[in-house]
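Because the structure is a prediction, the values reported are computed rather than measured. Proteins get letters first, then strands, A, B, ... in listed order; numbering begins at 1 in each. The basis for the numbers below is simple: all heavy atoms, side chains too, and nothing from hydrogens, waters or symmetry mates.
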Protein chains: 2
Amino acid sequence: MNIHFYLYLCTSKQDIMAKLQKSIDKRNALIKATIELVNNNGFHATAMSKIAKIANVSPATIYLYFENKQDLVNQTYLDVKTKYTDFVFKTYNENISIKDGFELIWKRIAEFNSKESEYSFFLNQCNNTPMIDESSRQEGIKHLQPLLDLWKRGKADGIIKPFSDQILYAYSINPLSFLMMAQKQGHFQLNDHIEEAFVTAWDSIKR
Amino acid sequence: MNIHFYLYLCTSKQDIMAKLQKSIDKRNALIKATIELVNNNGFHATAMSKIAKIANVSPATIYLYFENKQDLVNQTYLDVKTKYTDFVFKTYNENISIKDGFELIWKRIAEFNSKESEYSFFLNQCNNTPMIDESSRQEGIKHLQPLLDLWKRGKADGIIKPFSDQILYAYSINPLSFLMMAQKQGHFQLNDHIEEAFVTAWDSIKR
DNA sequence: AAAAAAAGAATGAACATTCATTTTTATCTA
DNA sequence: TAGATAAAAATGAATGTTCATTCTTTTTTT
């Protein structure tokens, strides 16, 4: 019997909430452990037993929350991707000039890469390997819809180059992933060059 | 007794050459198989026995050529990286304007990505995961020295932005990796947009 | 007291690597 | 040059380990 059906059957509202929180905590601990281990060792060298140990849980318990290892990694990916998108667009609204809107979103992405580099690194790995099921990886950059809309507006106004979203993304957003990796390996400090990086991004896509 | 010492002891020059070729062929077959399997399944799901099967060799034979699995992958990485660098700078010489030199190199890289996408994809995976030993991955983008020299000249002449090589690379070269991945997943056709991609690259780094 | 959740130990498959043997190649002798 | 011999290369099967997953028992919750 799964956790949520079980919760439904409980009587006290407080109990339900406490229980739910506990199971959420456990799931989060598992996802956190997965990110940490996959980042450091890669998917292949990440054993379920190690994930369990770091999450302070028995290996068997993982299977109460996830179907199998693949499911655990897929769900971790989707979780992290959601965190990313939520963070990036939290401060955005459409009533703003093209350039300012782009700057706002770009800087949020940079901030996410910098502050949540564990998450960024994990996403990056997922996007560049066959670690994740194709179905979970979904359709490329669609999750950045507000940014794509902004670009559409920018193209219509003659402010942004009339090129495909793939190109605009490749040149203005994706470089942040590379810079983050370079930072992780100690070749670079993104924070010392944010403005330079932004100018370069804007120069690449502006008309 | 290793292959090369053995070869040294042989008498006929023809024999030596034939023998050497044969062992080179086998090594190449193993490396080719490794690339194919790692690209499709990732390092973790690539069994030595499968590599052996695809290379038409016994699993045990792999260990005549490589110390172990990690060594096989490291050597594969170094091999492919050398192919990449050789291809990219084959047509380059320094007596050329900054912009033309950049265009020449950039288009060679694009061509390599397009024609040798198996290699590119493999390199990309290696650069974004802990699959390769840190020592084999070496020092970032140092292998592109002629390009770094060109940029140095360009900065001195006020033609290229006076930013770090990491930034210039992130914006003008790395996007090609993303576009190649997008192409692999069917979101994009690089060949249909080469000129757009080049213009964007140049706009990003030119002063 | 009953039911669910969690645990640790057990299971079986997969895998990297090694071992014992066979096959191929090269060298030597008549 | 043919045939015998020795050495290396290649092999398929064996080994021991690791790991995902499951099973049975214990603990916790209601």
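Atom CD of A:E196 sits about 10.5 Å away from atom OH of B:Y171, to the nearest 0.5 Å.
Separation of the B:Y119 and B:Y84 ring centroids does not fall under the 6.0 Å cut-off. For an aromatic pair to be called close, the ring centres must be under 6.0 Å apart, and A:Y169 with B:F178 satisfies this.
The shortest distance between the side-chain N/O atoms of B:T61 and the OP1/OP2 oxygens of D:dT11 is below 4.0 Å. An OP1 or OP2 oxygen of C:dA14 is reached within less than 4.0 angstrom by no side-chain nitrogen or oxygen of B:K50. Distances shown here put every side-chain N or O of B:S58 at or beyond 4.0 Å from the OP1 or OP2 atom of D:dA10.
Listed nucleotides: D:dT11, D:dA20, C:dA6. Nearest to the side chain of A:K26: C:dA6. Side chain of B:A47, nearest nucleotide from D:dA9, D:dA20, C:dA16: C:dA16. The side chain of A:M48 lies closest to D:dT21 when the candidates are D:dT21, C:dT17, C:dA5.
With hydrogens and angles left out, the side-chain atoms of B:D79 and B:Q75 include no donor and acceptor closer than 3.5 Å.
Atom-to-atom, NZ of B:K53 to P of C:dA16 comes out at 13 Å; the value is rounded to the nearest Å. Following rounding to the nearest Å, B:Y65 (OH) and C:dT17 (P) show an atom-to-atom distance of 18 Å.
At a threshold of 4.0 angstrom between heavy atoms, the contacts of B:A60 include nucleobase atoms, whether or not backbone atoms are also involved.
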